[in-house]
There are 2 protein chains.
Amino acid sequence: MAKSPNTTRIQQRNRATILEAALDVFSQNGFRGSTVDQIAKAAGLSKPNLLYYYPTKDAIFKAVMSDLLDTWLDPLRAMDHDGEPLVEIQAYVARKLEMSRDFPRESRLFANEIVQGAPRLLETLSTELKELVDEKTVVIERWMDEGKLNRIHSRHLLFSIWALTQHYADFDIQVRTLMGDEDPFDAAPAFLETLYERLLTPLN
Amino acid sequence: MAKSPNTTRIQQRNRATILEAALDVFSQNGFRGSTVDQIAKAAGLSKPNLLYYYPTKDAIFKAVMSDLLDTWLDPLRAMDHDGEPLVEIQAYVARKLEMSRDFPRESRLFANEIVQGAPRLLETLSTELKELVDEKTVVIERWMDEGKLNRIHSRHLLFSIWALTQHYADFDIQVRTLMGDEDPFDAAPAFLETLYERLLTPLN
DNA sequence: CAGTTATTTGACCAAGTGGTCAAACTGACG
DNA sequence: CGTCAGTTTGACCACTTGGTCAAATAACTG
């Protein structure tokens, strides 16, 4: 081993615990609504100990966010330019819906941040996300040019996918309140598949 | 005039100013993220003066919320059981979209609250809203039985309308960041009309 | 084992927070 | 003008919050 391995075993474990706890707390209360004490308690650490690993509340938040962002954009990145258009989009919708089911905290944290004007996220939105979206809308419009998809507004199409899939995570409490026993994620996949098949199939 | 008009002119003016300021502040920062001082400053009043009209931060919030709720449910209430199904639903979508454009703060306040688990709103959701939704889904399903609408999951249909329309208010900053100069509300009405026409038109 | 570094903590602080209160001010009305 | 309910405020308080620090403890290294 070299002189000083700048991350030890304990550090790795604690950092992971902290990020997990912070995701929990932040996604439930937003940034301002969360306290360092809450996160410390959720992580099973004392407050000074937590601040030994991340020096400020802001640093914790940034760490959670950057951890999250890549995962979040993956489904869109995975849309294959050379695939069958309808299949690719349906697969994207399905993946996004699965993420809402399996990672609702991440979705809510995102939503929380954007609803409040994305003060800590605007930079990323206007560079990384914009670039990705610009790239993918070009592809989608090519598909429409080739007559493989019904011609609609490509950006609004993406917005609709985000809105419809993330709604099940972000508004979970409302959705479940109104659906009673029935699990929203039972019928949602079929519903969205029907919706996008009808929306995107060319009439010719 | 009677002995004591229990609301004076000054009271009416100040209460209105406060609710307006509170809506602004709450919708931007959520409940926990907002401070009484912020609201007081936004309303142009001293903090004790503000607390003279609403005794606690919680009371201000509740007042804003109950003011908001009726307005918020109106579009759905207005859906006419005896109208032409497709027309009624399209009109509902259009009204909801207009509300997102004209009252984005209200939409965001709502979103903020629900994303965080609706601690101050669950009661209303599970009674007033549930009742209204139950009533309207019955109507929608009757329309489907009559062959006037494509048969789909009626609750998910409502969720989709909320998700798609409110997205433009709640995620405004993201939508605008990605659309550049173009006003999202230019193309959104046509986009949603196409979407719901295709989704809801019976096949045969 | 001793020495060194990494980790953990109790005690503390300054700023911000929701809320109180007595005193001052305002305005309508006889 | 006097008066009295209605309105406004500066000063204040208890509590929470993000963050610091010196000292204690645990872990690793030779």
Side-chain angles (χ1 to χ4, degrees), chain A residues 1-65 112-113 116 119-120, chain B residues 1-65 112-113 116 119-120:
Chain A
M1 280 280 145
K3 237 185 179 173
S4 82
N6 46 13
T7 63
T8 72
R9 227 175 322 135
I10 296 180
Q11 254 174 58
Q12 269 182 301
R13 173 173 48 79
N14 281 347
R15 275 187 212 277
T17 315
I18 291 171
L19 290 184
E20 169 65 23
L23 175 58
D24 231 62
V25 173
F26 280 136
S27 72
Q28 257 178 66
N29 309 104
F31 180 78
R32 287 215 49 187
S34 305
T35 73
V36 176
D37 288 280
Q38 275 177 341
I39 300 171
K41 187 191 262 187
L45 300 175
S46 68
K47 182 166 64 165
N49 199 10
L50 190 161
L51 292 170
Y52 169 72
Y53 290 101
Y54 294 95
T56 64
K57 183 180 167 184
D58 221 89
I60 307 172
F61 189 83
K62 275 183 188 142
V64 172
M65 267 299 173
N112 236 313
E113 193 56 14
Q116 301 192 2
R120 278 163 286 272
Chain B
M1 281 284 143
K3 236 184 177 175
S4 81
N6 45 14
T7 62
T8 71
R9 229 175 319 138
I10 297 180
Q11 252 174 61
Q12 270 181 301
R13 173 171 49 80
N14 280 349
R15 274 188 213 275
T17 315
I18 291 171
L19 291 184
E20 168 66 22
L23 176 58
D24 231 63
V25 173
F26 280 137
S27 71
Q28 258 179 63
N29 309 105
F31 180 78
R32 288 214 48 188
S34 305
T35 73
V36 177
D37 288 278
Q38 274 177 340
I39 299 172
K41 188 191 263 187
L45 299 175
S46 69
K47 181 167 64 166
N49 198 11
L50 189 160
L51 292 170
Y52 170 72
Y53 290 101
Y54 293 95
T56 63
K57 182 180 167 184
D58 221 89
I60 307 172
F61 189 82
K62 275 184 188 141
V64 173
M65 267 299 174
N112 236 312
E113 194 57 13
Q116 301 191 3
R120 278 162 286 272

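Letters go in sequence order (proteins before strands), and every chain restarts at 1. Quick caveat: nothing in here was measured; it's all calculated off a predicted structure.
- For B/Y52, the side-chain atoms get nearest to D/dT8 when compared with the rest of D/dT8, D/dT20, D/dG10.
- When rounded to the nearest whole Å, the span between NZ of A/K57 and C1' of D/dT16 equals 12 Å.
- A distance of 8.5 Å separates CD1 of A/I18 from CG of A/L51, quoted to the nearest 0.5 Å.
- Below the 3.5 angstrom threshold, one finds a donor paired with an acceptor across the side chain of B/K47 and the base of C/dG19.
- A close approach under 4.0 Å does not occur between any side-chain nitrogen or oxygen of A/N49 and OP1 or OP2 of C/dT7.
- Straight-line distance from the CZ atom of A/R15 to the P atom of C/dT7: 9 Å, rounded to whole Å.
- Ranking D/dG18, D/dG10, C/dT7 by closeness to the A/V36 side chain, first place goes to D/dG18.
- A perpendicular orientation is assigned to the rings of A/F61 and A/F31, their planes being inclined by more than 60° (bins at 30° and 60°).
- If you find the closest nucleotide of DNA chain C to A/L45 and to B/R32, the one lying nearer the 5' end belongs to A/L45.
- Taking OG1 from A/T17 and CD from A/E20, the interatomic distance works out to 8.5 Å, rounded to the nearest 0.5 Å.
- Within the nucleic acid shown, A/Y53 comes within 4.0 Å of sugar-phosphate atoms alone, with no base atom in reach, counting heavy atoms only.
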| said: Treating primed atoms plus P, OP1 and OP2 as sugar-phosphate and everything else as base, which nucleotides of nucleotides 22-30 of chain C get B, S or - for protein heavy atoms under 4.0 Å? | reply: ------S--
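- A salt bridge between A/D37 and A/K41 is absent, with no side-chain N of the basic residue lying under 4.0 Å from a carboxylate O of the acidic one.
- Summarising the geometry of A/S34 relative to A/V25, their closest heavy-atom pair is OG-O, 3.3 Å, with the distance given to 0.1 Å.
- Of all nucleotides listed (C/dT17, C/dT20, D/dG19), C/dT17 comes nearest to the side chain of B/T35.
- One can place CG of B/D37 at 14 Å from C1' of D/dC12, the figure rounded to the nearest angstrom.
- If you measure from atom CD1 of B/I60 to atom C1' of C/dG19, you get 11 Å, rounded to the nearest angstrom.
- Looking only at atom types and distance, the side chain of B/Q116 has a donor-acceptor partner in the side chain of A/N112 under 3.5 Å away.
- For A/T8, the listed nucleotide lying nearest its side chain is C/dA6; candidates were C/dT8, D/dT20, C/dA6.
- With rounding to whole Å, A/Y54 atom OH is found 17 Å from D/dG18 atom P.
- When distances run from any side-chain atom of A/S46 to the nucleotides C/dT8, D/dT7, C/dG19, the shortest one goes to C/dT8.
- For the atom pair A/F26 CZ and A/I39 CD1, the distance stands at 3.5 Å (nearest 0.5 Å).
- As rounded to whole Å, 14 Å separates atom P of C/dT7 from atom CG of A/L50.
- B/Q38 places its CD atom 14 Å from the P atom of C/dG19, with the value rounded to the nearest Å.
- In terms of phosphate contacts, A/Q11 brings no side-chain nitrogen or oxygen within less than 4.0 Å of OP1 or OP2 of C/dA6.
- When all heavy atoms of B/A63 and B/Y54 are compared, the pair lying nearest together is CB-CE2, 3.7 Å.
- Between the P atom of D/dA27 and the CZ atom of A/R13 lies a distance of 9 Å, rounded to the nearest Å.
- Comparing D/dT8, C/dT8, D/dT20 by their nearest atom to the side chain of A/N14 picks out C/dT8.
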